[in-house]
Amino acid sequence: MTLPELFDLSLTARHDQPALDWDRPYTFGEIDARASRMAHVLARRGLKAGDRLCVYLPNCLEFIDLFLAATRLGVIFVPVNILYRDREIRHIAGDADPVAFVANETNRDAIPEGPDVWLAEELSREAAAAPETRTVAVHDGDTPAALVYTSGTTGASKGAILTHNNFAVNALNLIACWRVTEADRLLLTLPLFHVHGLGNGLHCWLISGCRMRLTERFEHQKAAGWMLDFQPTLFFGVPTMYVRLLSVEAEAARRIGAGMRLFVSGSAPLPAQTLEDFRALYGHTILERYGMSETLMNISNPYVGERRPGSVGLPLPGVSVRNLDPDGNPAPDGETGELYLKGSNVFGGYWRRPEATEAAFRDGWFRTGDIAVRSPDGYYTLQGRRSDLIISGGFNIYPREIEEFLLDQPGVAEAAVAAQPDPLRGEVPVAYVVPRGEADPQALEAACRTSLASFKVPRAFVLVDQLPRTALGKIQKHLLPPWPPAS
Ligand code: MLC
């Protein structure tokens with residue numbers, strides 16, 4: 001089955017039902033017609049099955065139109081984080097080799113010279129005059145639907161190829177396990193350019209036929225107002241959003257909680273204290289789950305049954321999980337191992353990177369790099385990562401990428417980037433720099449701001465005489481001085 005066939009459970013079958021609240025309410029029939037018209041526009045511009053289209057847009061109607069149109073044409077959709085700057089965008093443009101980048105009038109200038117840029121506003125104008133007839137290319141469930149760029153330990157991000165089947169299995173699982181129905185009202189503030197917003201949010205909406213209010217982004221000053229106004233029953237968020245929601249005034253939080261059915265958290269560890277504080281304020285136990293761009297969702301706390309604080313829960317249906325010790329033997333319950341996964345949710349490989357794909361699998365099992373413990377009753381608790389990864393506000397940061405960038409800057413002899421705990425974002429990156437001659441932290445920060453996404457810009461640049469190294473020369477990040485320095 002392909003995604004367009006699955007989406008027709010709502011786009012065709014629920015034609016007249018309210019679907020989306022954006023600038024005004026839209027029915028599923030209107031969303032369907034918009035997708036059909038956009039598919040004509042893309043086909044007219046020469047896009048065909050297998051071509052890549054990079055989309056560099058904040059959440060908006062055109063994002064949805066383009067995604068639906070791409071899935072109908074068999075075009076591979078490449079969502080690009082709108083916080084990415086020239087270095088990151090240039091890499092994706094070179095790697096995905098797209099026919100074009102779609103941007104809007106506001107963010108168009110962020111796209112460096114090179115790829116063709118199509119403006120969403122122009123596509124929209126063309127679509128308004130295009131026919132509503134369907135253009136569907138013949139393809140099957142194993143067709144790639146999207147390339148989702150995920151940073152690798154080598155510093156360069158790789159495109160995970162996700163098929164129609166990967167997305168379908170993921171959303172059907174979540175709909176069944178989290179009991180999403182057309183009676184639900186989903187408030188979606190997550191960015192659609194990551195799998196959390198796209199694979200969980202957008203797909204659960206389209207397949208379940210619930211009503212969704214989409215916002216351009218999460219704004220913590222407005223979130224409670226949106227909830228009181230739209231009265232959602234369902235909310236998907238990252239821990240930073242839940243920490244923000246703890247500042248909502250008690251009576252408003254109680255009213256929001258009274259109308260809500262389910263809060264889900266993922267993309268970063270949810271501190272057990274946040275879960276407890278949230279329960280006290282909203283009267284809900286947040287359901288924490290675990291996923292990755294390469295696999296979509298793998299493990300989830302149950303809808304009915306214990307939602308265990310600090311744990312990501314039990315494997316989802318159809319997902320096989322192995323927790324292996326460094327020798328490849330099953331780690332006994334209660335002891336740490338590394339998680340390996342198999343299932344129809346797991347991607348087939350990285351775009352045009354056979355070596356990286358080979359390294360990502362062992363005997364057909366995807367190596368997650370996540371270290372976990374399984375309890376005797378089957379709950380998994382994540383303990384950390386095999387590789388150096390910082391998660392800030394739900395965005396993944398590979399220190400190596402920032403270190404390589406810093407080493408290219410004048411005045412930097414050596415650089416190490418390490419995670420420091422942060423009560424709001426979970427973790428933030430801090431840079432430790434050994435200067436060569438004069439190094440100016442302000443100039444380094446400015447250079448990072450120009451070339452890197454804002455969440456990757458180190459919170460501080462600490463000048464040090466040397467980096468702590470092992471006898472073999474490996475940097476020992478745990479021995480770096482704490483930041484801010486203890487007073
Ligand atoms: C963050 N910023 C954005 C933005 N999100 N800017 C534009 N659009 C967005 N969508 C920038 C702000 O400009 C600001 O930059 C900084 O981030 C913090 O903004 P804030 O207003 O203070 O936001 P805050 O309340 O802290 O919330 C941050 C956040 C963001 C929760 C909105 O971290 C976020 O959207 N996280 C979601 C990440 C996500 O979807 N991850 C899924 C990956 S998939 P500046 O320059 O002022 O610092 C995955 C698999 C899985 O991991 O299992 O899900």
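In each ligand, atom 1 is the first atom listed, and ligand 1 is the first ligand listed. None of the values given here were measured: they were computed from a predicted structure. Residue numbers start at 1 and run along the sequence shown.
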Closest protein heavy atom to atom 30 (C) of ligand 1, given as residue, atom name and distance to 0.1 Å
F395 CE1, 3.6 Å
List the closest protein heavy-atom neighbour of atom 28 (C) of ligand 1: residue, atom name, distance to the nearest 0.1 Å.
T240 CG2, 4.2 Å
Among all protein heavy atoms, pick the one closest to atom 42 (C) of ligand 1 and tell me residue, atom and distance.
S267 OG, 3.3 Å
Heavy-atom contacts with H196 under 4.0 Å: which atoms of ligand 1 show up? List them by number with element.
42 (C), 44 (S), 54 (O)
As a check for students: among G426, G394, G393, identify the option with a heavy atom nearest to atom 37 (C) of ligand 1.
G393
Of the listed options (L190, I82, V238), which comes nearest to atom 31 (C) of ligand 1 when hydrogens are ignored and any heavy atom counts?
V238
Pull out every atom of ligand 1 sitting under 4.0 Å from any heavy atom of R244, numbered as shown with elements.
22 (O), 24 (P), 25 (O), 26 (O)
Considering heavy atoms of the protein only, find what lies nearest to atom 18 (C) of ligand 1 and give residue, atom and distance to 0.1 Å.
R425 NH2, 3.4 Å
Nearest option to atom 32 (C) of ligand 1, as decided by whichever heavy atom of F236, F193, Y242, F218 sits closest:
F218
Ligand 1 contacted by R289 (non-hydrogen, < 4.0 Å):
yes
Sequence neighbours excluded, which residues qualify as salt bridge (charged side-chain N to carboxylate O under 4.0 Å, His left out) partners of E306?
R308
Please tell me if atom 52 (O) of ligand 1 is touched by the protein, where touching means a protein heavy-atom distance below 4.0 Å.
yes
Closest protein heavy atom (residue, atom, distance) for atom 44 (S) of ligand 1:
V195 CG2, 3.8 Å
Sub-4.0 Å heavy-atom approach of P58 to ligand 1
no
With respect to atom 19 (O) of ligand 1, which of M292, H220, R217, R449 exhibits the smallest heavy-atom separation?
R217
From T150 atom OG1 to Y398 atom OH, the distance as rounded to the nearest 0.5 Å
6.0 Å
Hey, is atom 3 (C) of ligand 1 touched by any protein heavy atom at less than 4.0 Å?
yes
For E219 and ligand 1, answer yes if some heavy atom of the residue is under 4.0 Å from a ligand atom, otherwise no.
no
Give me the residue, atom name and distance of the protein heavy atom closest to atom 6 (N) of ligand 1.
L83 CD2, 3.4 Å
Got a protein heavy atom sitting under 4.0 Å from atom 14 (C) of ligand 1?
no
Pairing residues for F7 by the ring pair (Phe, Tyr, Trp, His ring centres under 6.0 Å) criterion, not counting sequence neighbours
H203
Looking at R307, E276, R279, which one forms a side chain to side chain donor-acceptor pair (under 3.5 Å) with T285?
R279
Minimum distance, heavy atoms only, to atom 17 (O) of ligand 1: which one of G201, S293, S392, S454 is it?
S454
Does F455 have a heavy atom less than 4.0 Å from any atom of ligand 1?
no
